[in-house]
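Inspection log for the structure reproduced underneath, given as structure tokens.
Numbers restart at 1 for each chain; the letters A, B, ... are given by sequence-line order, proteins then strands.
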2 protein chains.
Amino acid sequence: MILPETIDTIRAFNRFYTNKIGVLAKDYLATPYTLVEGRILYEMGARERVSATELNRDLGLDPAYLSRILKKFREAGFIDSEPDPADKRSQILNITDMGREIYETLGERSRRQIADDLQNVDDASQARLVDSMQTIRAILDPSGALPPPPVIIRPYRIGDMGWLIEAQATAYAREYGLNEKFEALIAEVAGKFIANFNPERERSWIAERGGKRVGSVLVADGGGDVAKLRLLYLDPEVRGLGLGRTLVEQCIKFSTLAGYKKLSLWTNDILTAAIHIYKTAGFRLVSEERHAMFGPECVGQTWELNLREAKLSAA
Amino acid sequence: MILPETIDTIRAFNRFYTNKIGVLAKDYLATPYTLVEGRILYEMGARERVSATELNRDLGLDPAYLSRILKKFREAGFIDSEPDPADKRSQILNITDMGREIYETLGERSRRQIADDLQNVDDASQARLVDSMQTIRAILDPSGALPPPPVIIRPYRIGDMGWLIEAQATAYAREYGLNEKFEALIAEVAGKFIANFNPERERSWIAERGGKRVGSVLVADGGGDVAKLRLLYLDPEVRGLGLGRTLVEQCIKFSTLAGYKKLSLWTNDILTAAIHIYKTAGFRLVSEERHAMFGPECVGQTWELNLREAKLSAA
DNA sequence: AATATTTATTTGACTAAGTCAAGTAAATCA
DNA sequence: TGATTTACTTGACTTAGTCAAATAAATATT
């Protein structure tokens, strides 16, 4: 469904951004080049060895027009060309050292221009700006958008627990209808974990992608020789990438090294994806109990992994 | 601070959107008009009675160029002009019925064009798209953007506590250097509050602006006839608007109505802005103790408000 | 293998988009 | 009152950008 307001907002944004770019185009970065020429030079500098056709496909220019600009560049010594041995109709274009200098200058000015624009934009807004731009690109041009940055796993930092509580409470409310008692539970669990944190026996990991938190898990001391795996969570957008397994393996490895004999966890039957991960990691269901602590009726489950066995089976 | 990656992403987005607009400009909506002409016609249609100078200021065109286009429009019968009685140098431009027809056609095509682009974009992505575009406009052009929406105060919803924990922990770590034990404390407080929530004796409020959470406070049952005010927080962007006072007053009113005799709170000397609000609301400092629970040394303070007195003084 | 068709690029021949400088007339400033 | 600024217009260009046709090599077709 496409709302008229959606279309209006997009039209308004297009007008806004046309202005923004139009102003840029005025006297393109205070150089004797046009915006189009700048774009061509950019493409030439960014990649090596292009043919005119490729350039054309990407920039959508009139071939005659492109041909003339390239001629000018060739005469000015910004680019040179050699016939493509594979296709003698085609020339392979290459940027010269002189051309590269212009390219760098243009890039430098463009960067400074943007830096000026950002002068009065605080860090948080900058982050939102970048995020919004990437969102727009990803939606409007799914093919061309940059591949998602890699997921990194890092230790806890301040604010992570709050994020985790919000993300998990919201997601499980939406997906399974859990109520606010669930948020309360994880807030208490998370709070106690940090309050009594023992760096030798406990650990927490946050998965991050492109600076945005997307997953978590932690190992808490369960007393005796039992470690507890808690608060495993994956944002919907990173499910199915094997990240859950990685996080659980992280926990198993740490618990083993820390000298625990068992890794135990409590979960609910509705969380089938997580349970699948536990199962394949070797956890065994040791007890179940029906409850309705979080609104809908569900079955709480305790799973355990014998860490010695796990080690053996991994070897 | 401006990161190079930020600049690069913005450059990439500019290139991307230049292409998008360039494609639009190609054969502007399959009409015999240029993009610039279309823009002018749009501005003429969107508002009535413009002068050439105003148009120029907003579109940033060369005056000579504008003048020629307007002449063409006048000859074609799209606009007419009458001298401005207040300034005889100026002409007041008006769109004619014929011009309005063209304007409508152009708008219609532009809308259809966008609708086509959105054909394969699901509803959630459309919402994110619109949101991102508004974010970009608001950040890049704070003046022209819509005024900030009003702050509304609403009851707790799932996910709010997580947000509060993250926001408060992050803000106080940044501003006062508090460590993760502070996050732990508020997580526990928030968790217990929701877990044992008693709707008759307790309440929580979240302040929201434009769908974004910006502040919070809650009243918890302190046992006996004492209520506790907790987790008062304001996002940096809404500080100084009197919102803190409003939230505290909310708490006082509720506690009074709920039959409590005292409203008590615990805070720290470093939070001077909050303390100022408590003071002016009539709270009195009843005890202090030095501690370093959250890293830096600070002074924990207990403040109390006698609700009967408060009521009298307000009357 | 010969012919037809398509693709990559260039050139000629324009059109009109867009710019710069100078001019006119009214408004505002000193 | 004269000097300066502002709102627009016009003349005189330049050059960005287009369309059609040409060339030469690569592919497809029969």
Out of [options], which has the shortest distance to the side chain of [X]?
| X | options | answer |
| --- | --- | --- |
| A:R68 | C:dG12, C:dA26, D:dT10 | C:dG12 |
| B:K71 | C:dT10, C:dA8, D:dT10 | D:dT10 |
| A:R89 | C:dA21, D:dA26, C:dA27 | D:dA26 |
| A:D87 | D:dT18, D:dA7, C:dA8 | C:dA8 |

Contact under 4.0 Å: A:R74 side-chain N or O vs C:dT10 OP1/OP2 | yes

Would you tell me if any nitrogen or oxygen in the side chain of A:K72 comes within less than 4.0 Å of OP1 or OP2 on D:dA16?
-> yes

Would you indicate what B:A52 reaches in the nucleic acid, counting non-hydrogen atoms under 4.0 angstrom: base, sugar-phosphate, or nothing?
-> sugar-phosphate

Audit row: A:R74, A:S81, side chain to side chain donor-acceptor pair (under 3.5 Å) steps and yes/no | CA-CA 8 Å; A:R74 220 178 282 128; A:S81 51; 3.3 Å; yes

Nearest-angstrom distance from the residue atom [atom1] of [X] to [atom2] of [N]:
| X | N | atom1 | atom2 | answer |
| --- | --- | --- | --- | --- |
| B:L70 | D:dT10 | CG | C1' | 15 Å |
| B:I40 | C:dA17 | CD1 | C1' | 12 Å |
| B:L55 | D:dT9 | CG | P | 12 Å |
| B:Q91 | C:dA25 | CD | C1' | 12 Å |
| B:K88 | D:dT6 | NZ | C1' | 16 Å |
| A:E54 | C:dA8 | CD | C1' | 12 Å |
| B:L35 | D:dA16 | CG | C1' | 16 Å |
| B:L66 | C:dC20 | CG | P | 16 Å |

Given A:I79, which of A:L70, A:N94, A:V50 fulfils the side chain to side chain contact (heavy atoms under 4.5 Å, CB included) condition?
-> A:L70

A:D116 backbone acceptor or donor facing A:Q119 side chain under 3.5 Å | no

If you find the nucleotide of DNA chain D closest to A:L61 and the one closest to B:D62, which residue's nucleotide is nearer the 5' end?
-> B:D62

Derivation and outcome, side chain to side chain donor-acceptor pair (under 3.5 Å), residues B:T31 and B:R109 | CA-CA 9 Å; B:T31 58; B:R109 290 206 194 158; 5.3 Å; no

Any salt bridge between A:D58 and B:R15, counting N to O under 4.0 Å?
-> no

